[in-house]
There are 2 protein chains.
Amino acid sequence: MTDTKTRILDAALALFNRFGERNVTTNHIAGELGISPGNLYYHYRNKAAIVSALFDRYREHLLTLLTVPEGPLTWEDKMGYFEGILASMWEGRFLHRDLAHFLHQDPVLRDRYKVFVEDSLARGLGIYQRLRDSGLIEASDEELRALLVNTWVLAASWPGFTHGLNPEISGDETLDRGLLRQGIYQIICLEAPYLRGEALDHLDAMKREYRLDETALDRLFGAVGQVRSE
Amino acid sequence: MTDTKTRILDAALALFNRFGERNVTTNHIAGELGISPGNLYYHYRNKAAIVSALFDRYREHLLTLLTVPEGPLTWEDKMGYFEGILASMWEGRFLHRDLAHFLHQDPVLRDRYKVFVEDSLARGLGIYQRLRDSGLIEASDEELRALLVNTWVLAASWPGFTHGLNPEISGDETLDRGLLRQGIYQIICLEAPYLRGEALDHLDAMKREYRLDETALDRLFGAVGQVRSE
DNA sequence: GTCTATATCGGGATAGAC
DNA sequence: GTCTATCCCGATATAGAC
């Protein structure tokens with residue numbers, strides 16, 4: 001059994017992602033773990049400290065994944081990156097969802113978040129440049145930077161977008177996984193025009209791999225899944 | 001002088017966008033207008049009713065802008081569309097920022113929001129198809145749908161993204177306008193690979209038109225503005 | 001480290017006068 | 001339509017025993 005401090009973080013993360021931090025009280029978290037509210041406050045001096053600790057964890061994980069690798073990259077490396085990064089951002093989705101409030105109430109977090117985004121984008125650019133050197137994508141520096149920002153925003157916002165369309169089913173493992181995969185599909189489409197070489201050769205296969213089929217899309221999005229003109 | 005009911009909505013919108021709905025109490029809104037809290041509750045039975053009314057307003061405005069036009073389109077039409085739609089989504093940015101909470105607490109809004117997104121995407125697809133017919137863009141149906149969803153998510157999330165990097169300066173008219181324009185630039189980059197004909201001819205000009213210069217970017221984003229490898 | 005009991009506080013919302 | 005005064009409630013956080 002892991003220690004209480006960690007278990008509180010795990011429980012809080014699950015509840016925050018599912019219901020939104022605003023709708024999860026410290027009592028809920030304690031109740032979920034079968035411990036008392038007092039005990040929770042023994043480990044974290046307040047709710048914001050829990051959020052802050054979750055941010056730390058999230059940042060560490062994501063920045064690790066964003067380490068610019070040595071040597072040339074293959075398209076499999078590239079997909080591995082995407083999977084990991086997207087999954088990590090999905091895991092920390094409550095943070096992006098209620099970001100405005102967290103930054104509003106915690107000036108320290110505000111500064112740390114800004115640095116975090118800067119770091120992430122810097123590393124992301126490094127990776128994209130490596131991909132370009134490896135002949136997997138072709139784009140000017142300006143195109144690369146715009147693509148990078150769009151990728152970041154989309155990856156960070158996708159969970160919130162899907163949650164808006166399915167507030168009730170969040171927390172269902174299978175469906176959550178489907179939504180995440182569809183997010184990867186959207187990112188693939190984002191950079192599709194810039195792919196070259198073996199990345200381009202595998203584009204269609206990757207699209208098929210991640211795109212949800214009609215029935216799954218239908219279940220997740222309803223009419224949004226298969227947009228049609230009126 | 002417009003009626004109190006409308007003034008409440010206007011004040012609430014401004015405060016919500018600036019500080020986040022969560023950080024704006026009904027007393028703040030009343031105080032901002034120089035009216036009493038009781039008076040506010042005479043016009044709206046609770047805070048959620050204000051949010052709901054603002055959503056109505058927002059939806060009406062956006063769906064009007066998304067009406068599929070008659071006849072072929074020019075690239076100027078296209079930019080006009082973008083300007084209007086992005087400005088409208090910027091105007092309603094607090095809604096997208098705290099969407100999770102609003103949908104959580106108001107089941108009616110939940111359903112109406114979903115229909116709204118479906119409608120918007122359907123109309124958006126209609127417009128994109130019209131643009132394709134007019135020879136301004138070239139893309140398969142699948143590419144068009146993915147592009148549409150990415151555009152929507154980016155447009156809806158851009159204000160939240162920028163706010164996260166500049167929580168303090170929100171509310172400043174000039175800077176807000178700069179951030180909005182940079183958002184349009186990002187959207188232009190999103191669809192750049194699919195542009196054809198006169199839209200393509202004007203691409204560079206449009207990028208220059210909307211992209212903020214280095215000093216402005218620097219002021220708005222700091223290091224994020226000019227991402228560099230480490 | 002963990003519990004129970006409780007203090008505190010602030011925002012949402014109402015009652016009733018004017 | 002608008003005001004003042006106030007209630008209510010729930011969530012955060014603490015005190016002190018075990």
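For clarity, every value in this text was computed on a predicted model and none was experimentally measured. Here is the naming used below: chain letters follow the sequence lines, and residue numbers restart at 1 for every chain.
The interatomic distance linking B:Ile8 (CD1) with D:dG1 (P) rounds to 11 Å, in whole Å. Spacing between atom CG of B:Leu40 and atom C1' of D:dT4 amounts to 15 Å, rounded to whole angstrom units. What separates CZ of A:Arg22 from C1' of C:dG12 is a distance of 12 Å, to the nearest Å. In this structure, the CD1 atom of B:Ile35 is 12 Å from the P atom of D:dG1, given to the nearest Å. If you measure from atom CG of B:Leu33 to atom P of D:dG1, you get 15 Å, rounded to the nearest angstrom. With rounding to whole Å, A:Asn27 atom CG is found 14 Å from D:dC9 atom C1'. Rounded to an integer number of Å, the gap from A:Arg7 CZ to C:dG1 C1' is 12 Å. Remark: C1' of D:dT12 and CZ of A:Arg45 are 14 Å apart, rounded to the nearest angstrom.
Distance check: B:Leu13 CG to B:Arg93 CZ gives 8.0 Å after rounding to the nearest 0.5 Å. The CZ atom of A:Arg110 sits 10.0 Å away from atom NZ of A:Lys114, with the distance rounded to the nearest 0.5 Å.
With C:dC3, D:dG1, D:dT4 as the choices, the nucleotide that has an atom nearest any side-chain atom of B:Asn39 turns out to be D:dG1. Each of C:dT14, C:dC3, D:dT14 was ranked by its minimum atom distance to the side chain of A:Tyr41; first place goes to D:dT14. Candidate nucleotides D:dT4, C:dC3, D:dA13 were compared by shortest atom distance to the side chain of A:Asn46, and D:dA13 ranks first.
Taking the six-membered ring where tryptophan is involved, the planes of B:His96 and B:Tyr113 are perpendicular, since the angle between them exceeds 60° and thus also 30°.
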Restricting both atoms to N or O, compile the protein contacts to nucleotides 8-11 of chain C shorter than 3.5 Å, with distance only.
none

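Salt bridge status for A:Arg18 with A:Asp176: absent, with no side-chain N to carboxylate O gap under 4.0 Å. A salt bridge does not link A:Glu21 to A:Arg97: none of the charged nitrogens lies less than 4.0 Å from a carboxylate oxygen.
In this structure, A:Lys47 is not positioned above the aromatic face of A:Tyr44 in the sense of NZ or CZ being under 6.0 Å from the six-membered ring centre and within 45° of the axis.
Scored by the ring-ring contact (aromatic ring centres under 6.0 Å, His included) test, A:Phe94 finds A:Phe16, A:Phe102 as partners (sequence neighbours excluded).
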